[in-house]
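First the structure, in the form of C-alpha cells, and then the observations on it.
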Amino acid sequence: MILYLMNNLPCKNVSILNNFGAGALFSQSLGVDILPPPDPKPPRVEFNYSVGFKDLNESLNALEDQDLDALMADLVADISEAEQRTIQAQKETPQKQPHSASLCVPSFSGSTSLGYGTNVAATSQYDDDLPPPPADPVLDLPLPPPPPGPISQEEEEAQAKADKIKLALEKLKEAKVKKLVVKIHMNDNSSKSLMVDERQLLARDVLDNLFEKTHCDCNVDWCLYEIYPELQIERFFEDHENVVEILSDWTRDTENKLLFLEKKEKYAVFKNPQNFYLDNKGKKENKETNEKMNAKNKESLLEESFCGTSVIVPELEGALYLKEDGKKSWKRRYFLLRASGIYYVPKGKTKFENVNIYYGIQCKMKYKAPTDYCFVLKHPQIQKESQYIKYLCCDDARALSQWVTGIRIAKYGKTLYDNYQRATAKAGLASRWTNLGTVNAVPPAPPSTGVKTDPTQANGQLPQATQSMNTALGEDWRHPETTKDKKPGPSLGSHDPGAPREKKNQEM
Amino acid sequence: MAGMKTATGDYIDSSWELRVFIGEEDPEAESLTLRVTGESHIGGVLLKIVEEIKRKQDWSDHAIWWEQKRQWLLQTHWTLDKYGILADARLFFGPQHRPVILRLPNRRALRLRASFSQPLFQAMVAICRLLSIRHPEELSLLRAPEKEKKKKKEKEPEEEVYDLTKVVLVGGVAPASFRGMPAHFSDSAQTEACYHMLSRPQPPPDPLLLQRLPRPSSLLDKTQLHSRWLDSSRCLMQQGVKAGDTLWLRFKYYSFFDLDPKTDPVRLTQLYEQARWDLLLEEIDCTEEEMMVFAALQYHINKLSQSGEVDEPAGTDSGLDDLDAALSNLEVKLEGSAPTDMLDSLTTIPELKDHLRIFRPRKLTLKGYRQHWVVFKETTLSYYKSQEEAPADPIQQLNLKGCEVVPDVNVSGQKFCIKLLVPSPEGMSEIYLRCQDEQQYARWMAGCRLASKGRTMADSSYSSEVQAILAFLSLQRTGGGGGGGSGNHPQGPDASAEGLNPYGLVAPRFQRKFKAKQLTPRILEAHQNVAQLSLSEAQLRFIQAWQSLPDFGISYVVVRFKGSRKDEILGIANNRLIRIDLSVGDVVKTWRFSNMRQWNVNWDIRQVAIEFDEHINVAFSCVSASCRIVHEYIGGYIFLSTRERARGEELDEDLFLQLTGGHEAF
C-alpha cells in the first residue's frame with residue numbers, strides 16, 4: 001500500500017501548511033498534491049510525500065487574509081461539515097491539473113515543534129478510482145531547504161498571518177484530525193485508495209467503505225490484513241482497531257502492505273465456539289460431537305462465554321516451542337493461557353496489553369522453526385528484527401488457531417464479540433439488499449454518511465437475530481412446564497414406591 | 001362446638017382432648033389441653049389456644065408445629081382429621097419467625113428473624129429483602145461447621161453480633177431509599193451501623209487469624225463445604241434448625257445476574273467479600289501475579305472505605321453539592337478570573353527540565369550512569385550533554401507514547417530509578433533515569449506514566465498521579481521497612497496504622513513464600529494500576545478478576561460413578577459438570593448442561609442419572625454430600641440460566657422448586 005503521510009518532515013513549516021488541507025476552502029487553492037510514483041512492482045509499499053516548490057509566490061498569494069479568516073470560521077463552525085465538503089470538493093475536481101503549492105512561514109520554525117506523532121497530518125486529494133497520475137520527477141526529489149528569498153520580502157505580512165495560523169493550528173489540535181490516504185490491495189491484484197480520517201476510521205469503517213466500493217458479499221470474514229514482508233509476519237486487524245494509529249507505526253520506507261481479503265480465522269470462534277471452548281485436548285469422542293453442535297447450543301455457549309460479568313478465556317495449556325530474546329534456538333516450554341496473560345514454565349510471563357499477535361509465515365525456512373504453525377507476539381511499533389519479538393510455534397494447525405484465538409479473546413475480551421455482532425448485522429443487511437435486487441441501485445453514499453447510518457442499521461438487524469434465538473430457547477425452557485400436566489409431577493416418584501425414579505424432562 | 005357434655009360431666013359428642021405445648025420445641029413448655037373433635041378446623045383450634053392463654057399479645061405469627069410428622073399445620077381451613085391428628089400428636093404452638101444468627105460472606109455475624117415455616121427458598125427471599133440484596137435465588141444457607149473441640153483454652157474474642165430482629169418490613173413494596181440506604185435501616189443508629197457493615201467492605205483480616213483458619217489442602221477438603229447446604233424446598237424447622245442457631249449465608253450459584261454497582265451496594269460488597277475470602281483461604285488457586293493484583297485491589301478498597309470515600313447514592317447531599325457549585329460559580333464570576341490565564345493554562349503544556357543521570361545498557365559497555373540535561377515535553381523525552389547545548393540537537397529523543405514504564409526504587413537505599421522500555425521500529429530501547437529524590441522522581445515518573453498512555457503533563461490527572469507516587473514512596477518507608485526486622489513473621493494489624501500489612505491481603509502460601517518487605521512493593525506496584533478506581537469499580541474489578549480464574553465457580557462433590565471402583569470428584573459449575581480425578585486433580589471429562597436431556601434421581605439408592613445428547617448416559621452415587629445437594633445444584637443452575645430471558649425482578653418460585661425440589665416437594 002502507499003501511504004501518504006507527512007512523516008518526519010524536514011521542513012516543519014510544510015506540515016503546517018498541510019494542515020490547512022483539512023479545511024475545505026483550501027482544497028483547491030492550495031491543492032497540496034501528492035503524486036505516487038509509478039509502481040514498478042505493484043506490491044511495493046511506499047511512504048511518500050511530496051510538496052512542490054515550483055511557484056512559491058503564487059501559493060503565498062493564494063493564502064490571503066480572507067482565506068485564513070475563512071479557514072478559521074470553517075474550523076470553528078463545524079469540523080465534520082468541513083470534512084464532508086473536503087470530500088465533495090475532492091470529487092468535484094478529479095481530473096484537474098494538479099496544483100503544486102507550498103508555503104513556508106519562517107516565524108514558525110522556532111516556535112512550533114510539531115512533528116510526526118503529535119497531531120500533524122497530511123491530506124491529499126485525487127480521485128480514488130483513477131489510476132495514479134504519472135509521477136513528476138521533480139516531486140520525488142528530497143525536499144530542498146525552503147528558499148528564504150521571497151519570504152523575507154513579505155515578512156510583516158507573514159507575521160500577521162502567523163498569528164492567525166497559530167490560532168488555526170490550535171483549533172486543529174483540538175480537533176486532532178489526522179488524515180491520510182491508504183492504498184489497499186485487493187485479492188485480484190488491483191488496489192483501491194481510501195482517505196482515512198483518524199477520528200472515525202476504525203478498521204470496521206474502512207471495511208464498510210470497501211464494501212461499498214467493491215460490491216462484495218460483505219460477509220463477516222472480510223478483513224484488513226497487515227503484511228510485514230521483512231519479518232514474514234501478518235495479521236488481520238480487529239474491527240475496533242484504529243487504522244491510522246496502526247499505520248503511523250510503519251516506517252516511511254516500509255514494505256508493509258494492507259490487504260482486503262477474507263479470512264475464516266477472524267471470527268471462527270463465533271461460528272464454531274465449541275472448537276475453542278469445548279475441545280478436550282483433541283479427544284476423539286469430543287471432536288465428533290463438536291462438529292455436530294447445533295446453532296442453539298452455539299448461541300448459548302457464546303452467551304455464556306462473552307456476555308457474563310467477565311469474558312471467559314478458553315482453557316488452554318500445552319507445550320509450545322518458544323524463540324525469544326533474539327536467540328536462534330527454539331525451546332520447548334509448557335504454556336498456560338489465563339485472562340491475565342500467557343504463562344510458561346520455566347518461569348515467564350507475557351501480558352497482551354502491549355503486544356499484537358501475528359501469524360508467522362514460513363518460519364521453518366526463515367528461523368528454522370520446528371513446524372510451520374507459528375505465531376508471533378510483537379509490540380506494534382517494532383518494525384524490524386528485534387530481540388523483543390517473541391516467536392512461538394505449535395505442533396499443528398488446530399493448536400495454532402486455538403492459541404491465536406485464545407490470546408485474542410484474552411486481549412480484547414467482549415469487544416471481539418461486539419465486533420462480530422456488528423459484522424453479522426452488516427453482512428445480514430447486505431444480503432438482504434442483494435435479495436431485493438437493489439444492490440446496484442444503491443447509490444454509493446459518501447463514506448461519512450455510511451458510517452453515520454451504520455449504527456441504525458445494526459439496531460435494525462441485531463434484535464431480530466437475538467429475538468429468534470430467545471424464542472427458540474424460551475420455548476425449550478417452557479417445555480418442562482407444559483409437559484407437567486401430562487406427566488406425573490416430580491413429587492409422585494417418592495409416593496409411589498414402585499416408581500422411585502423421578503423423571504424430569506430437560507430437553508435442551 | 002366440641003365438648004358438649006351431660007350434667008354428670010360425661011362428654012356426649014365425639015370430642016377428645018388435644019394437648020398443645022406453648023412455645024418453641026421445648027419438652028418442658030407449658031401446655032394447654034383443649035377439647036376438640038376431628039372436625040375442628042385448625043383456625044378454630046388456634047383461636048381456642050389464644051383464648052385459653054389469656055395473654056394479650058400479637059399472636060399473628062404463631063402456628064402449630066407437629067413434631068412427629070415434622071410439619072407445620074398452616075392450612076387453617078383443614079380439619080384435624082384431614083391432617084390426621086389424633087390425641088397422641090405432640091403439637092407446639094410457636095412463632096413461625098425465629099431468630100437465627102447468620103454468618104455473612106464478610107464473616108460478620110448478624111442476628112435476624114427468619115421464617116421457620118416457609119420453604120427455605122421463600123425464607124431466603126425475605127432475608128435478602130431485609131438485607132437489600134437483589135436476586136436472592138443466588139444465595140442460600142449452610143449449616144455452620146461443627147466446632148472442633150478446643151485443645152487449648154483459647155479465649156475467643158467477644159464478637160459483635162449485629163441485630164436486625166426488631167426490624168419489620170412492610171410486605172409487598174420494595175424498600176424505599178432514605179438517606180442513602182433502604183429506609184428500614186435508617187431507624188436507629190444501631191441498624192444504620194448494620195447497614196454500613198453490610199454495604200462497606202471489611203478491613204483486611206488479622207494475618208495471624210488468617211494463618212489459623214482452616215484451608216483446604218486438597219480437592220477432597222473443598223468438597224466438605226458443599227455437604228452442608230440446606231435444602232431449599234423445605235423449611236428450616238424441618239431441617240432441624242433451632243432458634244438461635246448459626247447458619248452461613250453464602251452465594252451458592254456462581255452466576256451473578258445483572259450486577260449493578262449503583263443499585264446493589266450490599267450485594268456487591270458481600271460478593272466481593274466472598275471472593276476475597278475464597279482467595280485468602282485458598283479455596284481457589286491463582287498465580288502469584290494475580291494474587292498481587294487481588295491484594296492491590298483489597299488494599300485500595302480498604303483505603304477507600306476507611307477514608308469514607310464511599311460513593312453514596314445521591315441523597316440529600318446532592319442538594320448541598322449543587323449549592324456549593326453555585327457558590328463557587330458565583331465566586332468565579334465576582335472575581336472575574338482572568339480568561340487569559342485560562343487560555344494559557346490550556347495551551348501551554350508543562351514541561352520538565354532537569355539534570356538527571358541516565359544509563360543506557362548496551363552490550364560490551366561498562367558505562368554507568370552519566371549526568372545529562374533532560375527535557376521532557378509533551379510525550380517526548382530529549383537529553384543533552386549539558387544545559388548549554390540544549391538548543392542544539394539532543395543526543396537522543398524518545399517518544400514515550402506506548403512505552404513501558406517500570407519503577408526501580410529502593411526507598412531505604414535512596415535509589416529512585418525509572419526504567420523505560422521505549423518501542424521503536426528497530427525494537428525496544430532501554431533507558432534508565434535516575435532521580436535525586438522522591439519529589440523529583442514523583443514528577444518525572446508521573447510524566448512518564450501519562451506519556452506512555454499518550455497524555456501530556458497538562459492532563460488533569462498529572463498532579464494526582466504525582467501525589468499517588470509520593471504516597472506510594474512514603475508507604476514503602478512505613479510498610480515495607482517495618483516488616484524487615486521481624487523477618488518472616490506476620491505483623492499484627494496494628495503494626496503500622498497508615499501503612500499496609502501485606503500479610504492480611506494475600507493467601508497464606510504467599511505469606512510463607514515472601515517476606516513482607518518483598519510483598520509490599522509488589523502490591524503497591526500493582527496498586528498503581530488500580531489507584532484511580534472508585535470503591536464500587538474496584539469491587540467490581542475484583543469480582544471480575546475472580547471470575548476469570550480458571551477454577552472459578554466450581555463446587556466439588558465426591559461421587560462414585562457407576563461401574564467405577566474408586567471415588568471421584570464431580571465439579572459442578574454454572575454451565576457444566578466436570579469429572580475430576582480425585583488423586584491427581586485432572587479433568588477427566590466435561591459435560592455441558594446445554595447438551596443435557598434429562599436427569600433423574602433415584603432417592604433410594606442415592607443415585608443421579610443424567611442423559612446427554614447422543615445417548616450419553618452418566619450415573620453416579622453421591623458420597624460426600626447427599627444427592628439432594630447435587631440435584632439442587634444442577635436444577636438451580638438450570639433455573640438461573642432461564643433468568644436471562646425472563647428479565648426483571650420477578651422470581652418464578654414454582655419453577656425453581658420444580659427444578660430443585662426433591663420427593664418432598666409439593
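Note: hydrogens, waters and symmetry copies are ignored here, and every other heavy atom, side chains too, is used. These numbers were taken from a predicted model, which means no experiment stands behind them. Reminder, nothing fancy here: chain letters follow the sequence lines and each chain counts from 1.
- With sequence neighbours excluded, the residues forming a side chain to side chain contact (heavy atoms under 4.5 Å, CB included) with B:Val405 are B:Cys403, B:Ile418, B:Leu420, B:Met445, B:Cys448, B:Ser452, listed by chain and number.
- Side-chain contact annotation: A:Tyr388 with B:Glu430, donor-acceptor N/O pair under 3.5 Å present.
- Using bins of under 30°, 30° to 60° and over 60° for the plane-to-plane angle, the ring pair B:Tyr633/B:Tyr637 lands in the parallel bin.
- For B:Ser424, the part lying near chain A is the backbone, with the side chain staying farther off; criterion is any non-hydrogen pair under 4.5 Å.
- Residue B:Ile605: no heavy atom, backbone or side chain, is found under 4.5 Å from chain A.
- Legend: residues meeting side chain to side chain contact (heavy atoms under 4.5 Å, CB included) with B:Arg522, ordered by chain and number and at least two apart, are B:Glu288, B:Met292, B:Phe514.
- Contact tally against chain A (heavy-atom pairs below 4.5 Å) for B:Ala545, B:Pro550, B:Pro425, B:Ser548: the top residue is B:Pro425.
- Per-residue counts of heavy-atom pairs under 4.5 Å with chain B were compared for A:Leu301, A:Ile389, A:Val311; the largest is that of A:Leu301.
- Side-chain contact between B:Glu632 and B:Tyr253 is present, with at least one heavy-atom pair separated by less than 4.5 Å.
- Proximity to chain A (any heavy atom under 4.5 Å) is shown, for B:Thr380, by neither the backbone nor the side chain.
- For chain A, the option among B:Glu611, B:Arg576, B:Arg592 with the highest count of heavy-atom pairs below 4.5 Å is B:Arg592.
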